[in-house]
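Down below is the structure, laid out as C-alpha cells.
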2 protein chains.
Amino acid sequence: MTVTLADVAARAQVSPATVSRVLNGNYPVAASTRERVLKAVDELDYVLNGPASALAAATSDLVGILVNDIADPFFGIMASAIQGEIGGPGGRAGGERLAVVCNTGGSPERELTYLTLLQRQRAAAVVLTGGAIEDAPHKAATDAKLRKLADAGTRVVLCGRPQAPETGAIALTFDNRGGGQELTEHLIGLGHRRLGYIAGPQERTTTRHRLEGHRAALAAHGIEEDPRWTVHGQYDRRSGYEATLELLRRDPSLTAVVAANDSVALGACAALRDSGRRIPDDVSVAGFDDLPFSIDVVPALTTVRLPLAEAGARAGRIAMGREEAPPGGIAVVRGELMVRGSVAGPRG
Amino acid sequence: MTVTLADVAARAQVSPATVSRVLNGNYPVAASTRERVLKAVDELDYVLNGPASALAAATSDLVGILVNDIADPFFGIMASAIQGEIGGPGGRAGGERLAVVCNTGGSPERELTYLTLLQRQRAAAVVLTGGAIEDAPHKAATDAKLRKLADAGTRVVLCGRPQAPETGAIALTFDNRGGGQELTEHLIGLGHRRLGYIAGPQERTTTRHRLEGHRAALAAHGIEEDPRWTVHGQYDRRSGYEATLELLRRDPSLTAVVAANDSVALGACAALRDSGRRIPDDVSVAGFDDLPFSIDVVPALTTVRLPLAEAGARAGRIAMGREEAPPGGIAVVRGELMVRGSVAGPRG
DNA sequence: AACGTCACAGCAAGCGCTTTCTATGTACGG
DNA sequence: CCGTACATAGAAAGCGCTTGCTGTGACGTT
C-alpha cells in the first residue's frame with residue numbers, strides 16, 4: 001500500500017541501497033543514476049519512513065525543546081529562537097531536523113516523562129529552558145536522566161537554567177541574581193526604603209535567585225527587610241494582582257513593588273490602580289524580563305531585559321554543534337536594566 | 001552498549017515477546033511473570049527504542065501541532081490547550097503521546113516541510129492552527145499533503161483555520177468575518193464615520209476575513225470607504241505603530257483605528273500617544289483576539305475575544321479521537337465583543 | 001599488453017521491536 | 001484416565017531502512 005524504498009528502487013531499476021544513498025547524499029552516485037532515482041521518487045510520491053530510517057541508522061533528527069509554559073511569551077520567544085537555529089525546515093541548517101517543543105506546564109513529572117519520551121526517540125539534542133525545580137529528589141532524577149541522554153549521544157543544553165554539573169549538559173544561565181540586585185538598587189537609589197516584593201513559586205530556582213538579588217540590594221544599603229514585604233505567587237498576572245492587594249493590606253505605606261516578572265508586574269499595576277493609587281506617583285512598580293508588551297503598558301514598565309532571543313539562538317546553535325560550547329560548559333547571560341516610567345522616587 | 005528488549009528478556013528469563021507484551025499490556029501475561037519482567041526493566045534501566053517500536057507496529061505516538069509564530073501568545077495559548085488534551089505525559093489520555101509544536105514562522109515552505117517531516121514520522125495526528133496562506137499553488141500543495149496524511153491514517157484537525165474540503169481534515173473555524181463586522185458596527189453605532197483599518201499581511205485568510213467583516217459593517221451603514229483608510233502590515237506591534245502613523249498622515253481626521261489584532265492595536269495606541277492624541281478622547285482603538293495583556297493596557301482594549309483555549313482543547317480532543325467531529329467536519333467558533341475603555345464616541 | 005586504481009552499484013546482514021502462529025502445561029468433564 | 005479447552009510463553013518472520021563489504025567495468029600506468 002505505502003510506497004517503500006524497494007518500490008522506488010524497482011521503478012528506477014537500481015538496488016535499494018542506491019536509492020538510500022541518493023536520498024542521503026553521503027556516497028558517490030553517478031549523476032544519471034541519481035536522476036533516475038529522483039524521478040522515481042517523485043513519480044511514486046515516496047516519503048521516507050522515519051522510524052525505519054532512525055532504527056537502521058541509530059540516529060534521529062528530532063530535537064526536543066522543553067518549556068514550562070508555552071502560552072507565556074517568555075518561553076515562546078526562547079523556543080522560537082531555538083527552533084530558528086535548529087534549522088527545522090528552511091533553517092540555515094542543512095539536514096532537516098524536526099524541532100519540537102514540549103510543554104511541561106512546570107510539572108516535574110511531565111518534564112521527566114518528556115525527557116524519557118525524547119530518549120525513546122533517540123533525540124539528537126534536547127534544550128531545556130527556564131528555571132529548574134529545587135526539589136531534591138526531582139532534581140536528582142532529572143540530572144540522572146540528563147546524564148543518560150548525554151551519554152547516549154544526545155546533546156543537552158540548558159537555556160536560562162542553572163548549571164547541572166556532572167550531567168554533561170551545557171548551560172546558558174541567566175544572571176537573575178545580579179539583575180534582581182541591580183533593579184532593586186535602582187529603586188533604593190531613588191529613595192525607596194519600603195519595598196514590597198512579589199516572588200514567584202517557592203520551589204523554582206529563578207524565584208530564589210531573583211529574590212536573593214533583591215535582598216542583597218537591601219542588605220547592601222542597610223535596609224532591614226520586613227518579612228511582611230514578601231509574598232509568593234505564580235508567574236502570572238492574576239497572581240500579581242492578588243499579591244499586591246495582600247501587600248497593601250499588610251503595609252499600606254509601601255512606596256514600591258518589585259515583581260518577579262513582567263506579567264506579575266502587570267497584575268500589580270492593575271491592583272494598584274484599582275485601589276486608587278497612581279503609578280509611579282504613589283507607588284513605583286518594577287518587573288523582570290522585558291517582554292514585548294512591557295513597553296506598551298502605561299506607564300511603561302521599568303524592568304530587567306533578558307536577551308531571550310539571543311540566548312535561545314545561541315542555545316540552538318550549540319545544540320546543533322554549530323557553535324562551540326562556552327569554556328567550562330557554562331556561560332552567564334546578564335540582564336540589562338531598562339529604566340522606564342513605572343518607577344520614580346517616592347513621594348514627599 | 002544500550003539495553004535492548006532482548007537484554008531485559010534474558011535477565012527476566014523470558015522471551016523478548018513476553019517483555020514486549022508486558023510493556024504494551026495488550027496480551028495476557030501471568031502476574032508473576034509480569035513482575036519479573038518489570039523488575040528487570042527497572043534494574044537495567046531499560047528505555048524502549050521508539051523508532052524500532054514504531055517501525056514494527058507501524059504506528060507512532062507523535063502528534064504534530066503547527067503554529068505560525070510560537071512567540072505570539074495567540075498561538076501559544078492554542079498550542080498549550082491542544083497539548084493539554086493530547087495528553088502528553090500527565091495528560092488525561094492513557095497512552096503517552098509526544099505532542100510536538102512546530103513553528104512555521106508563517107512560511108508556506110516550512111509548513112509543507114513540517115508536514116512532510118510529520119508524515120515521515122507517521123504521526124498519529126496533526127493539528128494546524130491559525131490562518132492559511134491564500135496563494136493558490138501553495139494551498140493546492142498543502143491540501144494534497146493533508147489529503148495524503150489523512151489517507152495514511154493520520155487524523156488532521158484545523159484549528160482557527162478555514163475548512164479545506166476534500167482533504168478529509170476536520171475544521172474548527174473562527175468567525176473572523178462576523179467578529180470583524182460586529183466590532184466595526186459597535187464603532188459605527190457610537191457615531192464613528194471615519195475609521196482607519198490596519199490589516200494583517202495580504203495573503204492570509206484571517207486578514208481577508210476580518211477586513212471583509214469590517215467592510216461589510218461599513219457597507220451596511222452606508223459608509224463609503226476611503227481607500228486611504230486601509231493599510232496592510234504584519235501581525236505585530238511594530239507594524240501597528242508604523243501603520244498608524246501612515247494612517248494619520250493620510251487622513252488626520254480619523255476618529256477610530258481598528259487593528260487586525262491586539263498586538264497591532266497596541267502599536268496603534270503607542271503611535272497615537274506619541275503623536276499627541278488621547279485614547280479614546282481623540283481617537284478610539286480596537287483590537288482583535290483579546291489576548292491576556294489586552295485588559296492591562298491603559299485604556300483597556302475593546303476587542304473581539306476568541307475562545308482560543310477552548311477551541312484548542314476541542315481540537316486536541318478531536319485529534320485524539322476523544323470527541324466526535326462536528327457534523328460536516330466543520331464547526332464555526334464565534335468571537336465575542338469585549339467593550340472596554342479604548343473605544344468611545346467621536347468627539348464633538 | 002598486463003595490471004593496479006577508481007568510481008559506482010549491489011548484496012546481505014542487521015537495527016530493536018511487534019505479532020502471528022505454534023507449543024506447552026494445566027484444569028476439567030466425561 | 002484420556003481428550004478438550006484454556007491460559008500462557010516462545011519461535012520466528014518481518015517492519016523499511018542503512019551500510020560494510022564485495023563485485024565489475026573503465027581507465028591510466030608501466
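Residue numbers start from 1 in every chain, and the chains themselves are labelled A, B, ... in the order their sequence lines are given, proteins ahead of strands.
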Sequence neighbours excluded, the answer for side chain to side chain donor-acceptor pair (under 3.5 Å) partners of B:Gln13 is none
Check DNA chain D against residues 16-23 of chain B and give the residues with a non-hydrogen atom under 4.0 Å, in numerical order. B:Ala17, B:Thr18, B:Arg21
Can a salt bridge be assigned to the pair A:Arg11 and A:Asp7 using a cut-off of 4.0 Å between side-chain N and carboxylate O? no
First and last nucleotide of DNA chain D, 5' to 3', lying under 4.0 Å from heavy atoms of chain B: D:dT8 to D:dG16
Charged N to carboxylate O below 4.0 Å: is that the case for B:Lys139 and B:Asp143? yes
Could you work out, with side chain to side chain donor-acceptor pair (under 3.5 Å) as the rule, every residue matching B:Ser15, not counting sequence neighbours? B:Thr18
Return the set of residues passing side chain to side chain contact (heavy atoms under 4.5 Å, CB included) with A:Glu35 (not counting sequence neighbours), or none when no residue passes. none
So, the side chain of A:Arg317 versus the backbone of A:Arg322: is there a donor-acceptor pair under 3.5 Å, distance only? no
What integer distance in Å separates A:Tyr27:OH from C:dA7:P? 11 Å
I need the minimum non-hydrogen distance between A:Ser80 and B:Asn103, along with the two atoms involved. OG-ND2, 3.6 Å
Determine yes or no for a side-chain-to-main-chain donor-acceptor pair under 3.5 angstrom, with B:Glu111 supplying the side chain and B:Thr104 the backbone. no
Estimated bend of the helix from C:dA1-D:dT30 to C:dG30-D:dC1 (axis per five terminal pairs, rounded to 10 degrees): 50°
